Protein chains: 2
Amino acid sequence: MTASDRDDGRFSYEGLDRIIHERARLSVLTSLVAHPKGLPFPDLKRLCGLTDGNLSRHLAVLSEADFVTLEKRFAQNRPQTVCRLTASGRQRFIGYLGVLEQVVRDAAEAAASGPESGRRGLDPATKPA
Amino acid sequence: MTASDRDDGRFSYEGLDRIIHERARLSVLTSLVAHPKGLPFPDLKRLCGLTDGNLSRHLAVLSEADFVTLEKRFAQNRPQTVCRLTASGRQRFIGYLGVLEQVVRDAAEAAASGPESGRRGLDPATKPA
DNA sequence: GCCGTTACTTTGCGCCGCAAAGCATAGGCG
DNA sequence: CGCCTATGCTTTGCGGCGCAAAGTAACGGC
């Protein structure tokens, strides 16, 4: 063994789903989890600070992957697309959040423990000959 | 005003720097913040669960953006690239972590508050005529 | 002197984020 | 009724990037 086998993948964070781990989509999902009844396209657009085209594309991706449902209806004689989180989407998003939390914990802990102190001598960079 | 102006960009998370917000690079930065003395290429590769090519590419990007320094030296008659976080890189990474934490807080709070209860009647989806 | 191993770098491809352009309908206004 | 602007999205185009496979180089047995 290579003396660091036990740490293999320690920071690989495989739970960071590519579909979710993207600024715009993270915004969308967070918005939707905060609005369980669903959100109309324009509101979502404003909350996330996205352009029409952008939001449209990301919603298509999220819908394709069954994270959200898109209900196209009419309100006040205007088309209105209402976006809602699916149960499975909610589940997977929560799982992702757990990983994110782990990242923050790992990093915060490390950042606090050794800005100037370092880790005295336990470091692989100084492995013996 | 559109009755939701105060919430514009509420979930836009502009602090999510594209350079950092990427699984592989997030892994690298977290590894490095946990090892302030620096890490040799192979160790970093194992910690992050990355292939050689991948790690090389991401290190080039991080180095380009002045997040890390790459010291190429020789140890045990073999080439050894040691990666270290720069002060500014550390600073920016910590800033990013703050935003991540905000994301987790926003989402966790929302997810806890309304899985089944919803937000009775305050929802933009049910705005009056 | 070949052969495998270690330590990277380079190349190539496919997908994706993003903005600009497009399309369709509604609602004033003369 | 015809025009014009605003709203609500969708589609298109392209530049960039993540990723894996191939390439380079140097050392260490045998």
Side-chain angles (χ1 to χ4, degrees), chain A residues 1-4 12-14 16-29 38-65 67-83 124-125 127 129, chain B residues 1-4 12-14 16-29 38-65 67-83 124-125 127 129:
Chain A
M1 70 179 89
T2 63
S4 65
S12 65
Y13 303 124
E14 284 163 34
L16 294 185
D17 183 341
R18 301 257 297 123
I19 301 276
I20 308 181
H21 191 68
E22 172 67 36
R23 197 178 89 181
R25 291 194 288 258
L26 198 45
S27 289
V28 169
L29 291 175
L39 280 173
F41 190 101
D43 294 33
L44 199 49
K45 171 183 142 192
R46 276 187 291 268
L47 278 173
C48 299
L50 293 171
T51 61
D52 291 16
N54 248 303
L55 179 54
S56 183
R57 189 99 181 24
H58 289 298
L59 283 181
V61 171
L62 288 173
S63 165
E64 186 77 18
F67 277 93
V68 305
T69 58
L70 303 176
E71 182 196 348
K72 287 151 198 279
R73 65 186 192 190
F74 272 76
Q76 294 100 54
N77 274 346
R78 295 209 134 279
Q80 186 186 48
T81 303
V82 178
C83 315
K127 69 176 77 164
Chain B
M1 68 178 94
T2 62
S4 66
S12 65
Y13 302 124
E14 283 163 35
L16 295 185
D17 184 341
R18 300 258 298 125
I19 301 275
I20 308 180
H21 190 70
E22 173 66 36
R23 198 178 87 181
R25 291 195 288 258
L26 198 45
S27 290
V28 169
L29 291 174
L39 279 174
F41 190 99
D43 294 33
L44 199 48
K45 170 183 142 191
R46 276 187 291 270
L47 279 173
C48 299
L50 291 171
T51 61
D52 291 18
N54 247 304
L55 178 53
S56 183
R57 188 96 180 27
H58 289 299
L59 283 181
V61 170
L62 288 173
S63 166
E64 186 77 18
F67 277 94
V68 305
T69 58
L70 303 176
E71 182 196 349
K72 287 149 198 280
R73 66 188 191 190
F74 271 77
Q76 293 100 55
N77 274 345
R78 297 210 132 279
Q80 185 186 48
T81 302
V82 178
C83 315
K127 71 175 77 161

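Residue numbering restarts at 1 for every chain, and letters A, B, ... go by the order of the sequence lines. Note that the structure is predicted; figures quoted are calculated from it, not measured.
Between the C1' atom of C:dT9 and the CG atom of B:Leu59 lies a distance of 12 Å, rounded to the nearest Å. Atom-to-atom, CG of A:Asp43 to C1' of D:dC9 comes out at 14 Å; the value is rounded to the nearest Å. Atom C1' of nucleotide D:dG8 and atom CZ of A:Arg73 are separated by 14 Å, given to the nearest angstrom. We find that NZ of B:Lys45 is positioned 8 Å from P of C:dA7, with the value rounded to whole Å. Taking atom CD on A:Glu71 and atom C1' on D:dC9, their separation rounds to 16 Å, with Å as the unit. The CZ atom of B:Phe41 sits 11 Å away from the C1' atom of C:dT6 (whole-angstrom rounding). Between B:Leu44 atom CG and C:dA7 atom P the separation is 13 Å, expressed in whole Å.
Note on A:Lys72: only backbone sugar-phosphate atoms sit closer than 4.0 angstrom, heavy atoms only; bases stay farther off.
Atoms SG and CG, on B:Cys83 and B:Leu55 in that order, are 6.5 Å from each other to the nearest 0.5 Å. Here the CD atom belonging to B:Glu22 is positioned 9.5 Å from the OG atom belonging to B:Ser27, to the nearest 0.5 angstrom. Taken to the nearest 0.5 Å, the CD atom of A:Gln80 stands 10.5 Å off from the CZ atom of A:Phe74. Rounding to the nearest 0.5 Å gives a distance of 4.0 Å between OG1 of A:Thr51 and CG of A:Asn54. Rounded to the nearest 0.5 Å, atoms OG1 (A:Thr69) and CG (A:Leu62) are 11.0 Å apart. Atom NE2 of B:His21 sits about 5.5 Å away from atom CG of A:Leu26, to the nearest 0.5 Å.
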inquiry  = side chain to side chain contact (heavy atoms under 4.5 Å, CB included) for A:Arg73 and A:Thr81? Distances and angles first, verdict last.
reply    = CA-CA 6 Å; A:Arg73 65 186 192 190; A:Thr81 303; over 6 Å; no
note = Nucleotide by nucleotide, nucleotides 22-28 of chain C touches protein heavy atoms under 4.0 Å in the pattern (B base, S sugar-phosphate only, - none) ---BSS-
ask   = Going 5' to 3' along nucleotides 11-23 of chain D, which nucleotides have protein heavy atoms under 4.0 Å from the base (write B), which only from the sugar-phosphate (write S), and which from neither (write -)?
value = B------SBSB--
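For the pair A:Phe41/A:Leu59, a side-chain contact is recorded, criterion being any heavy-atom separation below 4.5 Å from C-beta on. Between A:Phe67 and A:Val28, every side-chain heavy-atom pair lies at or beyond the 4.5 Å cut-off.
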